Each structure stands twice: as structure tokens, then as C-alpha cells.
**Student:** 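Below are the C-alpha cells for one structure; questions will follow.
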There are 2 protein chains.
Amino acid sequence: MIEIGIVEDNVKIRDLIQRYLDMQDNMSCKTAVDSVEEMLDYLKEHDPPDVMLMDIQLPGMSGIKGIGIIKKEYPEIEIIMLTIYHDSHKIFDSLVAGASGYLLKHTSLPEIKESIENLASGGAPMSPQIARKVIQHFNESKKEEKPESDLTAREQDIVNGLVDGLSYKLIADRFDISIDTVRAHIRNIYKKLHVNSKAEVIAKSLRGEI
Amino acid sequence: MIEIGIVEDNVKIRDLIQRYLDMQDNMSCKTAVDSVEEMLDYLKEHDPPDVMLMDIQLPGMSGIKGIGIIKKEYPEIEIIMLTIYHDSHKIFDSLVAGASGYLLKHTSLPEIKESIENLASGGAPMSPQIARKVIQHFNESKKEEKPESDLTAREQDIVNGLVDGLSYKLIADRFDISIDTVRAHIRNIYKKLHVNSKAEVIAKSLRGEI
DNA sequence: GGGCAAACCGCATATTCATGTGAAGCAAGT
DNA sequence: ACTTGCTTCACATGAATATGCGGTTTGCCC
């Protein structure tokens, strides 16, 4: 018997899902609340459910923040996001926060049921459209690595030296130029990047902002 | 009509899939080869297919390497991995390389067909088990970000200040302590991290090594 | 051939950093 | 009660950095 909890503020949707799931002979859904806060209160005094369906847009704490808190306290709970949002940021944030699945609200009741069973057998419920967004995220993070600043090749060399933790003198040695030249390049780099310390250049570079 | 190409070295499996797909009235599968190299040769002289099924373990170039090359030349081709490997590294590498879906070889023919149709409608074919692995990867990369150095809370504060590009003085102001205290903390941080410059601390931190 | 950007170099100065030595208050654990 | 570790602070010195000014050479474009 799979115990299910629901966090959803729309009463109609919540009741519908709860009734449907509770009707199944391998599931039990006794807990349906409309905020993360309520669910946390509930969990303090009851056994945690096996699976939790959670909305993102909720009164009070957002569902995404809720995932983190609930997962930290009760890591064994599997959380499925059930929401209208299909933008990749929300999907990504949810999964990083610890959600095990992500379904859109137009998902049919039998599909929700199937997803929960999926989860029990080690899968992760996710519609092909959502999966696609996740995959897109992989590719984007791969491509967006080059915001192409207008640093010259030599300036980029110097930046790399800084990132490697080298002093001006060592950078000068590495490229066989004088330390004053290094200084000159660094001045120009600072101007172009609108910074004024080694530290900021290194930070920018490692954040992929160069 | 969806044009499909197959790269698979097991002749039995290849023929089976090819015949089945070609039999569908909305699909055409005329191209089935047993290596990436052959497929590249084929693509030079023919129109590219819309969707490509690809194995990982292949004679010559691996399927994962093949994805990258094919996607670079023909970015419009949607590639579905069809393989026996279900370890998260291969899955992850494939998706990063540009695959749009990932199916295990025990997937039934109708499911393969469905997956291809999925792809055409903007989804990403992925079994719940595979999706689970992908999600696990999110959580792992989240956890593995903290190789837990033994920096104290205060020391971590100071590091954050450095990463923000602040000078000692500004860090002192931010936490309302004296600049000499900042120095003291930095000394300890350097000892713990085995470095001896601001630059290295920032680099380590942004690389996730703290 | 003039203009221009990039790479190169030098000198000077104020600020910031790295490092040493030393010490006091406080909380946690032995 | 004693040790240990974290946080706080001080004074000092040499090294490194940030920033100002100046300059030459080279290659490219109009």
C-alpha cells in the first residue's frame, strides 16, 4: 500500500486527485493540505507518506522551497511536482531541490496513478515534454559557456595566468614578457571588464562571464 | 513521413527494427548501417534522416563520440540512443553530446515507434528508469559540490567575501570586525587550503573545491 | 602614408596583501 | 579544571598589486 500526501491549494483539484487515488486498491491518500507549512505541521505528528504530490504556486512558502525542507527532514519521501509551470527554470530548480518527478497539471488521473507506481519501482515520472526541457538544459549549459567578451588573445592569456593563481612576475615568465607589460595588459583588462582587482577578474572568468 | 536512420552493429536487431519501422505508414527507414563512419559516408551523399537510432557500443568510433560529430554537421537530426547501457555516466555523456532521447534495448518495437513520434512532437523519449538516473545526476552534482573542507562558518563567510571581489577592508566592514581579524582568518584559511593567495582561494571556491 | 589597435616596455607611488608574532575571551568537550 | 578550537584584535614588514604617466614597434585598413 502506497501512502500518498498532497500539497495543493486548489480545493477542487486537490479533492479530485485525493478521491481518485484513495479509491485505488494499492494506494491510500488521507493527507491533502494546501500549504507546505501545513504539511510540515502534519509530518511532525504523523508518519510520513511514501509519495508526495506538490504544487509550485502555493500560499506562503513556494513548493520548490518546500521540497528542500521536506527532503532534508524526510529524505525517504518521494516528491512529484504537479504544476502548470513548464519553464525550464522551475523544472530544473525542482529537480535540483530534490523532486523525483515533474508532471504538468493537465496530466490525466490514470497517468498520475501510473506515475506514482513508476516511482515505487525506481523510475522517475516525467512526461516526454518535460524530459525534453531537461535535456535542453544540458545542451544550453554546454553552449552558454562563451559570452564572448572582447578581450584580445594576449589579454585572455593573462587572465588564464591569473586564474591559475600566478603572480604578475610568474605570468611575465610564462609568456616571456616583462612584468610591466603584464601590468599594462591587466590595466586594459580591468577597463574592459569594469573591475579593479585581480580577484574580480578571476571570479568573472571562473563564472564563465569572460 | 518521418525518415529514420539506424546505426547498430548487431545485424539481427538492426534488421528487425528497420523492417518494423519501415512498415509503419508514417515512417520510412531505408538507412541502416553498423558504424558511425559508414553513417557519415552515407550522409555526405544523401539527405539526412529526421531521426537517428544509435547504439553506443559500435565497431570503430563509439556512439557517444558519433553524436557529437553528427550533431555538429547535421544539427537538425534528432538522435535517440538505443543501447544496453544504463549507467548514469553513459546516459549523461550521451545527453550532453546532444542526444535527444535515451532508450534501453529491451524497449519494445511499438514503444520505439512511439518514442520516435514523441520526438516529432517536441518531446524527449526516455523511460522512467532513465529519467530517474538523470535526476539522480542532478542530486549528485548538488551533493558533490561540497567536498566539505573543514572551514568554519566564519572562514566560509570570509571566503564568500573574497569571491565577491571584496578587499580585506570591505570584508571587515561587511561583518563588522576589524581588518586584522580578517587577516587572521585568511591566514587560517590559507593554511587549511594549502594556498597562499587570495586568487587561489577564489579559484578553489568557484571550482567547487571548497 | 596616416590612423589605429595590439603588444610591448619603463618608472613612480599609493594601496593592498601575505606573513610573523603575540594575545584575550568564550564555548565545548575530557 | 584543563585543553582545544573559534573568534576577536594589535603591530610590523616586505612583497605584490593598482594606477598614473610616458613611450616604441608592428601590422592592418582606408
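Here the structure is a predicted model, which is why all the values come from computation and not from measurement. Chain naming here is simple, since letters A, B, ... match the order of the sequence lines and numbering starts at 1 in each. Keep in mind that the numbers below use all heavy atoms, side chains included, and drop hydrogens, waters and symmetry copies.
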**Student:** Could you state the CD1-P distance from B:I202 to C:dT16, rounded to the nearest angstrom?
**Tutor:** 16 Å
**Student:** How many Å lie between NE2 on A:H194 and P on D:dT19, as a whole number?
**Tutor:** 14 Å
**Student:** Spell out, as yes or no, whether a donor-acceptor pair under 3.5 Å connects the side chain of A:S115 to the backbone of A:E111.
**Tutor:** yes
**Student:** What's the CG-C1' distance between B:N188 and C:dT19, to the nearest Å?
**Tutor:** 12 Å
**Student:** If you look only at pairs with a residue in residues 46-70 of chain A, which of them pass as a salt bridge (Lys or Arg N to Asp or Glu O under 4.0 Å), with sequence neighbours excluded?
**Tutor:** A:D55-A:K105
**Student:** Distance check needed: D:dC6 C1' versus B:D157 CG, whole Å only.
**Tutor:**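 These atoms are roughly 13 Å apart.
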**Student:** Does a side-chain N-to-carboxylate-O contact under 4.0 Å join B:K192 and B:E155?
**Tutor:** yes
**Student:** Strictly below 4.0 Å, heavy-atom distances to any atom of DNA chain D: list the hits from residues 168-187 of chain A, or just say none.
**Tutor:**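 Only A:Y168, A:R183, A:R187 qualify.
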**Student:** Considering only NZ, NE, NH1 and NH2 on the basic side and carboxylate oxygens on the acidic side, decide whether B:D164 and B:R174 come within less than 4.0 Å.
**Tutor:**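 Salt bridge between B:D164 and B:R174, a charged N being under 4.0 Å from a carboxylate O: yes.
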**Student:** Is A:T152 near enough to C:dA7 that one of its side-chain N or O atoms lies under 4.0 angstrom from OP1 or OP2?
**Tutor:** yes
**Student:** Is B:Y190 near enough to C:dA18 that one of its side-chain N or O atoms lies under 4.0 angstrom from OP1 or OP2?
**Tutor:**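 Affirmative; the distance criterion is met.
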**Student:** How long is the line joining NZ of A:K192 and P of D:dA18, in whole Å?
**Tutor:**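 Spelled out: NZ on A:K192 to P on D:dA18 is 18 Å.
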**Student:** Choose from C:dA7, D:dA18, D:dT8 the nucleotide whose nearest atom is closest to any side-chain atom of A:K198.
**Tutor:** D:dA18
**Student:** Less than 4.0 angstrom from a charged side-chain N to a carboxylate O is my criterion; do A:K113 and A:E117 meet it?
**Tutor:**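 The answer is yes: the pair qualifies as a salt bridge.
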**Student:** When the distance from CD of B:E200 to C1' of D:dA16 is rounded to whole Å, what number comes out?
**Tutor:**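 Rounding to the nearest Å, CD of B:E200 and C1' of D:dA16 are 14 Å apart.
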**Student:** Check the side chains of B:D9 and B:Q57 for a donor-acceptor pair under 3.5 angstrom, ignoring hydrogens and angles.
**Tutor:**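 On atom types as modelled, these side chains do not qualify, holding no pair under 3.5 Å.
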**Student:** Indicate yes or no: does B:D180 engage B:R183 in a salt bridge with an N to O separation below 4.0 Å.
**Tutor:** yes
**Student:** Return the value, rounded to whole Å, for the distance between atom CZ of A:R154 and atom C1' of D:dT25.
**Tutor:** 15 Å
**Student:** Once you round it to whole Å, what is the distance between C1' of C:dA6 and CD of A:Q156?
**Tutor:**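 It is 15 Å, rounded to the nearest whole Å.
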